[in-house]
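What follows is a set of notes on a single structure, which appears directly below.
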Amino acid sequence: MKKNKIIFITGATSGFGKSIAYKFAQHGFHLILNGRREDRLREIEKDLTEQFGTKVISLPFDVRDQQAAINSIDSLPHDWKKIDVLVNNAGLAAGLSTIQDGQTTDWDLMIDTNVKGLLYVSKQIMPLMIAEGSGHIINMSSIAGKEVYKNGNVYCATKYAVDAITKSMRIDLLEHGIKVTSIDPGAAETEFALVRFHGDKERAKKTYEGYSPLTPEDIADIVFFAATRPPHVVLNDIVVTCTAQANTMYFHKETPKS
Ligand code: NDP
Ligand code: 8X3
């Protein structure tokens, strides 16, 4: 296989992950795409192959399943294990309520995906990067990992954990020359709100009413910029919001005309 750069993206079936896949495909990267919905991965693989001639490996697995992560990453062909960029993007919010009213199944889902899933995937890929003496890990955290907000409790806690893990990774990997970046977006319109509100389309739509949120393409541009700095430069932490958002709590929204 020709030495095009290889990017491994978790959560590539939707939202940020999917846009990141298209952005890097347009710039000649080879892609390893993960997510649970295999039909979507196959569709994206087919489209990228047809549009850009991209080489893609679809690697459907649930990041919460450590054995699946081990088996899937082990199964990659030798040349595909030279991963240049890992984007730990798979993640979700489930629910928006006080702790006393929260669903423990939602907490387990968020903690297992956003924290443990990120660790399971990283644990398999870090040794591959260390063996190469280079690489770049980009963790999708959130503005929710910088400031908590009302009813955000456990989701925020998972993103604070991602922030701590990112900082720790940077220290662990320093001697190996591996870059570690955290990207911390504010509100962006993806399937995120639909998932958070358990499929309630009306409530999800309201999340983005009265202002222009970030788009998945905005985030893909930032990931691409971060991943293409010269070897001696690393962007450690990037907080990005839409212009109508000041922090996790303050938005400037247009009031709907009656
Ligand atoms: P989407 O819901 O559109 O995408 C989430 C992606 O994660 C999907 O591809 C989904 O794929 C994947 N995913 C979820 N659970 C798993 C799992 N267990 N195993 C493998 N893949 C999984 O949301 P976004 O694109 O918005 O979210 C991407 C990341 O960005 C998340 O970490 C989120 O917390 C973060 N974020 C989002 C913001 C927003 O406002 N949208 C702002 C800040 C951060 P599938 O269901 O096929 O498995
Ligand atoms: C997603 C952004 O503010 O909804 O991480 O938590 S927020």
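Residues take their numbers from the sequence shown, with the count starting at 1. As the structure lists them, so they are numbered: ligands from 1, and atoms in each ligand from 1. Note that these values count all heavy atoms, side chains included, but never hydrogens, waters or copies made by symmetry.
Here the heavy atom of the protein found nearest to atom 37 (C) of ligand 1 is Phe16 CE1, 3.5 Å. Looking only at heavy atoms of the protein, atom 1 (P) of ligand 1 is closest to Ser14 OG, 3.5 Å. Looking only at heavy atoms of the protein, atom 12 (C) of ligand 1 is closest to Gly11 CA, 3.5 Å. Protein heavy atom nearest atom 43 (C) of ligand 1, with residue, atom name and distance: Pro185 O, 3.2 Å. Of the protein's non-hydrogen atoms, the one nearest atom 15 (N) of ligand 1 is Arg36 NH2, 3.3 Å. Of the protein's non-hydrogen atoms, Thr13 OG1, 3.5 Å is the one closest to atom 8 (C) of ligand 1. Regarding atom 3 (O) of ligand 2, its nearest protein heavy-atom neighbour is Tyr149 CE2, 3.9 Å. Of all protein heavy atoms, the one lying nearest to atom 24 (P) of ligand 1 is Thr190 OG1, 3.5 Å. Protein heavy atom in closest approach to atom 21 (N) of ligand 1: Ala90 CB, 3.5 Å.
Judged by distance alone, with hydrogens and angles left aside, the side-chain atoms of Lys81 form a donor-acceptor pair with the main-chain N or O of Asp74 at under 3.5 Å. For Thr190 (side chain) and Phe192 (main-chain N/O), a donor-acceptor pair under 3.5 Å exists by modelled atom type. Between the Asp84 side chain and the Ile6 main chain, a donor and an acceptor come within less than 3.5 Å of each other. Side-chain atoms of Arg196 come within 3.5 Å of backbone atoms of Gly95 as a donor-acceptor pair (strictly under, hydrogens ignored).
At least one heavy atom of Asn89 sits closer than 4.0 Å to an atom of ligand 1. Under a 4.0 angstrom heavy-atom cut-off, Ala12 registers as being in contact with ligand 1. For Lys18, the closest heavy-atom approach to ligand 1 does not fall below 4.0 Å. No heavy atom of Ala144 sits closer than 4.0 Å to any atom of ligand 1. Residue contact annotation: Ala93 has no non-hydrogen atom under 4.0 Å from ligand 1.
No single ILVMFWY cluster, assembled from side-chain heavy atoms under 4.5 Å apart, contains both Ile238 and Met169.
Atoms of ligand 1 lying under 4.0 Å from at least one heavy atom of Gly91, given by number and element, are 5 (C), 7 (O), 31 (C), 32 (O). Less than 4.0 angstrom separates some heavy atom of Tyr155 from each of these atoms of ligand 2: 1 (C), 5 (O), 6 (O). Under a 4.0 Å criterion applied to the non-hydrogen atoms of Gly186, ligand 1 contributes the atoms 40 (O), 42 (C). Annotation for ligand 1: atoms under 4.0 Å from non-hydrogen atoms of Tyr155 are 33 (C), 34 (O), 36 (N), 44 (C). When each atom of ligand 1 is checked for a heavy atom of Phe61 under 4.0 Å away, the hits are 19 (N), 20 (C). Proximity to Ala144 (heavy-atom distance under 4.0 Å) selects the following atoms of ligand 2: 6 (O). The atoms of ligand 1 that sit less than 4.0 Å from any heavy atom of Gly15 are 3 (O), 25 (O). Of all the atoms in ligand 1, the ones that sit under 4.0 Å from a non-hydrogen atom of Ala187 are 40 (O). Heavy-atom contacts of Met140 reach the following atoms of ligand 1: 29 (C), 30 (O), 35 (C) (cutoff under 4.0 Å). For ligand 1, the atoms closer than 4.0 angstrom to any heavy atom of Asn34 are 20 (C), 21 (N). For ligand 2, the atoms lying closer than 4.0 Å to a non-hydrogen atom of Ser142 are 1 (C), 2 (C), 5 (O).
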Between Gln26 and Phe52, does the side chain to side chain contact (heavy atoms under 4.5 Å, CB included) criterion hold? Intermediate values first, please.
CA-CA 6 Å; Gln26 285 168 55; Phe52 311 112; 3.4 Å; yes

Stepwise side chain to side chain contact (heavy atoms under 4.5 Å, CB included) test for Asn4 and Lys55:
CA-CA 10 Å; Asn4 292 58; Lys55 289 205 187 318; over 6 Å; no

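When only modelled atom types and interatomic distance are considered, Asn114 and Tyr155 share no side-chain donor-acceptor pair under 3.5 Å. Thr215 and Asp218 form a side-chain donor-acceptor contact under 3.5 Å, judged by distance and modelled atom types alone.
The residue Glu189 has no part lying near ligand 1, judged by heavy-atom distances below 4.0 Å. Residue-level proximity to ligand 1 for Ser141 is carried by the backbone, the only part with a heavy atom below 4.0 angstrom.
Shown here are the side chain to side chain donor-acceptor pair (under 3.5 Å) partners of Lys167, two or more places apart in sequence or in another chain: Asp163.
The shortest side-chain heavy-atom distance between Arg40 and Ser14 falls under the 4.5 Å cut-off.
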